[in-house]
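As the structure is a prediction and not an experimental result, all values here were calculated from the model. Sequence lines set the chain letters: A, B, ... in the order given, protein chains first and strands last, and positions in each chain run from 1. All values below were derived from every heavy atom in this structure, side-chain atoms included, with hydrogens, water molecules and symmetry-related copies excluded.
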Amino acid sequence: MAEKPVLTLYNTLTRSKAAFTPIDPENVRMYVCGPTVYDLAHIGNARPVIVFDVLFRLLRLVHGEKHVIYARNITDLDDKINARALRDFGAEIENGTLSLNEAIRRVTEKTANQFHSDVAMLGCLPPTHEPRATEFVQPREDGKADMITLIQRLIERGHAYETNGEVLFDTSSTADYGELSKRNLDEQQAGARVAVDMHKKNPGDFVLWKLSSSEEPGWTSPWGRGRPGWHIECSAMAAAYLGEVFDIHGGGLDLIFPHHENEIAQSRCAHDTKVMANVWMHNGFVQVEGRKMSKSEGNFVTIYELLHEEKFGGRKWPGEVLRLAMLMTHYREPIDFSVKRLEEAERLLAKWPAGGNPNEGRVDASVLTPLFDDLNTVGAVQALHALAQCANNDPLMMPVFAASAELLGVLPKKVEVSKALEDSVESLIQLRLEMLKAKNFDEADKLRDDLAAKGIQLKDGKDPATGERVTTWEVKR
RNA sequence: GGCCUCGUGGCGGAGUGGUGACGCAGAGGACUGCAAAUCCUUGCACCCGAGUUCGAUUCUCGGCGAGGCCUCCA
């Protein structure tokens, strides 16, 4: 008897793969750090969104759609946002037609909306919850966790202190600070470019709350009008929707230190728990044409540009192509985003059959097995490609292919062709066959080209019995 | 300086102590009036050095190289 396959995940905490056992199989909980909405999302931001979307789909398949909760925050509170608001709306704020808060709201709303539109086109399901940081600063009427209460509790428990108008986390107050990034802060100081602030007890202490000037956004708090530090929002929102201890926490590799390290410290110390999340998963970086993507290199590519503008490779790219290209590399490996790679993804996709109904089939084991091995989407895509070839030859395989493709979020959609065009195709095919009989090849080819321009691809074959030419057609993608 | 990844063919990438997956691209062929699609065949690789071993791409050590983090960053 074949053993029931077990989902195995790589855990940054232990630097090893282990079977995933949810705390409560009826209530599997995952948190992923979402975007800070000050600017358009770039292709690097897209990676965790796509990777953890696949994990979300996989968990829903294993545990049932109603038993998986996925929370991904929107950070709409950040000094970069303030700067952007001043840059874009400085004049209006100056002459009093717009308040700072209103300007900030415009920046974050516009950016968040674009983010939603971008990732939807990448085939990502919306998370179960998408909380905004600004709604979790002050104590809430619904009693969900909030940042100020969390900070208060850290002070009460001796893990944080107030100094110089700031509240700082005391990294020396918890013995295993550094367990995620495997850093020992004492050994780390030599050579590190850390400016030691004299008001800090330890160089690694970080801000939980800082005071705001009248030009900066602020919330009233026990420590004066101010705003939270960078890390506390995730601790609050994760606790608000997933509880004090949950199953999986994900994000980009670069967040391991300091962001996730500090999240862990805050959450564990505030809640007095052994762990914040059992499994910590991190996706690798995105490079563009072999080089690190950065604004200074000039190879900074936004999702919007890829989808809607002709900047990358001189053309637009469908969302499914971008998604498949992303899944063709294991999530922990660095990925080199290149035109060549996108072209290969597009070629694959073009060979896959469209129009299957995923609800009529079951995900094939050949696709599931690699995914169970730490989300090996590369193996899954290859297996899917093999299934596609089966489905192309055997319509009975279509539902299996469709269900499997849907799990990866790469099910090709059937392009809608107008009924009138569809009805006319058959008669045009007959017309062309008559032209061919008359060896009127120029006219026949022109007819074929015209149809191709309208999205209809003609395919000539031979009836095996009679040897007659048989022309079939399909909608081009 | 500290810490963490990684190095397989043109490209993407499995995997293994003993003739080296697979996909894409390339080449050749079948089919075709020509295409498209499909099918068949096929070339090409395990960073370097030392060690362990009958034998290493796979294990160990050391290099070299690439990338990342060390309080902006997915």
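- For residues 42-51 of chain A, every residue pair satisfying the side chain to side chain donor-acceptor pair (under 3.5 Å) rule, not counting sequence neighbours, is listed here: A:His42-A:Asn45.
- For A:Arg341 and A:Asp336, the salt-bridge test fails: no basic side-chain N is under 4.0 Å from an acidic carboxylate O.
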Donor-acceptor list for residues 378-387 of chain A side chains, cut-off 3.5 Å, not counting sequence neighbours:
| residue | atom | partner | partner atom | Å |
| --- | --- | --- | --- | --- |
| A:His385 | ND1 | A:Trp352 | NE1 | 3.0 |

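- Taking the C1' atoms as reference points, B:G68 lies 27 Å from B:C59, given to the whole Å.
- Across all strands, A:Lys80 comes closer than 4.0 Å only to sugar-phosphate atoms, never to a base (heavy-atom distances).
- Counting heavy-atom neighbours within 6.0 Å of A:Asp176 CG, excluding the residue itself, gives a total above 12.
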At under 4.0 Å between heavy atoms, how does the protein contact nucleotides 23-38 of chain B? Give one character per nucleotide, 5' to 3', with B, S or -.
BSS------SBBBB--
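- Heavy atoms of A:His259 sit nowhere under 4.0 angstrom from any nucleic acid atom.
- In this structure, A:Leu342 atom CG and B:G12 atom P are separated by 13 Å, rounded to whole Å.
- Remark: the separation of the C1' atoms in B:A30 and B:A36 is 16 Å, to the nearest Å.
- Across all strands, A:Val286 comes closer than 4.0 Å to base atoms (heavy-atom distances).
- Taking the salt bridge (charged side-chain N to carboxylate O under 4.0 Å, His left out) definition, one finds that A:Asp450 meets it with A:Lys446, sequence neighbours left out.
- Residue A:Leu255 is in sugar-phosphate contact alone, with no base atom involved, counting any heavy-atom pair closer than 4.0 Å across all strands shown.
- Here, B:G20 and B:C70 have their C1' atoms 41 Å apart, quoted to the whole Å.
- Shown here are the side chain to side chain donor-acceptor pair (under 3.5 Å) partners of A:Thr36, two or more places apart in sequence or in another chain: there are none.
- Taking atom CZ of A:Arg47 as the reference point, atom C1' of B:G67 lies 12 Å away to the nearest angstrom.
- Across the P atoms, B:G43 and B:A21 are found 11 Å apart, a figure rounded to whole Å.
- Considering only side-chain atoms of A:Lys340, the nucleotide from B:G12, B:A14, B:G10 that sits closest is B:G10.
- Aromatic ring orientation, A:Trp209 versus A:Trp223: tilted (interplanar angle from 30° to 60°).
- Rounded to whole Å, the C1' atom of B:C48 lies 15 Å from the corresponding atom of B:A66.
- What separates CD of A:Glu346 from C1' of B:C11 is a distance of 17 Å, to the nearest Å.
- Residue A:Gly44 is in base contact, counting any heavy-atom pair closer than 4.0 Å across all strands shown.
- Look at CD on A:Glu333: it is 12 Å from C1' on B:A66, rounded to the nearest Å.
- One interatomic measurement links the two molecules: CG of A:Asn376 to P of B:A21, which rounds to 18 Å at whole-angstrom precision.
- Following rounding to the nearest Å, A:Asn283 (CG) and B:C4 (P) show an atom-to-atom distance of 20 Å.
- On the C1' atoms, B:C40 is 45 Å away from B:U52, given to the nearest whole Å.
- Comparing the P positions of B:A25 and B:U16 gives an interatomic distance of 28 Å, to the nearest angstrom.
- Aromatic ring pairs are classed by plane angle as parallel below 30°, tilted from 30° to 60° and perpendicular above 60°; the pair A:Phe257 and A:Tyr177 is perpendicular.
- If you take atom P in B:G18 and the same atom in B:U60, they sit 16 Å apart, rounded to whole Å.
- Taking a pair as Watson-Crick or G-U wobble with both distances under 3.5 Å, RNA chain B forms stems of 3 or more consecutive pairs at B:1-7 with B:64-70, B:10-12 with B:22-24, B:26-30 with B:38-42, B:47-51 with B:59-63.
- Remark on RNA chain B: of its neighbouring residues A:Gly34 and A:Ser181, the 5'-side contact belongs to A:Ser181, judged by nearest-heavy-atom nucleotide.
- A parallel orientation is assigned to the rings of A:Trp280 and A:His249, their planes being inclined by less than 30° (bins at 30° and 60°).
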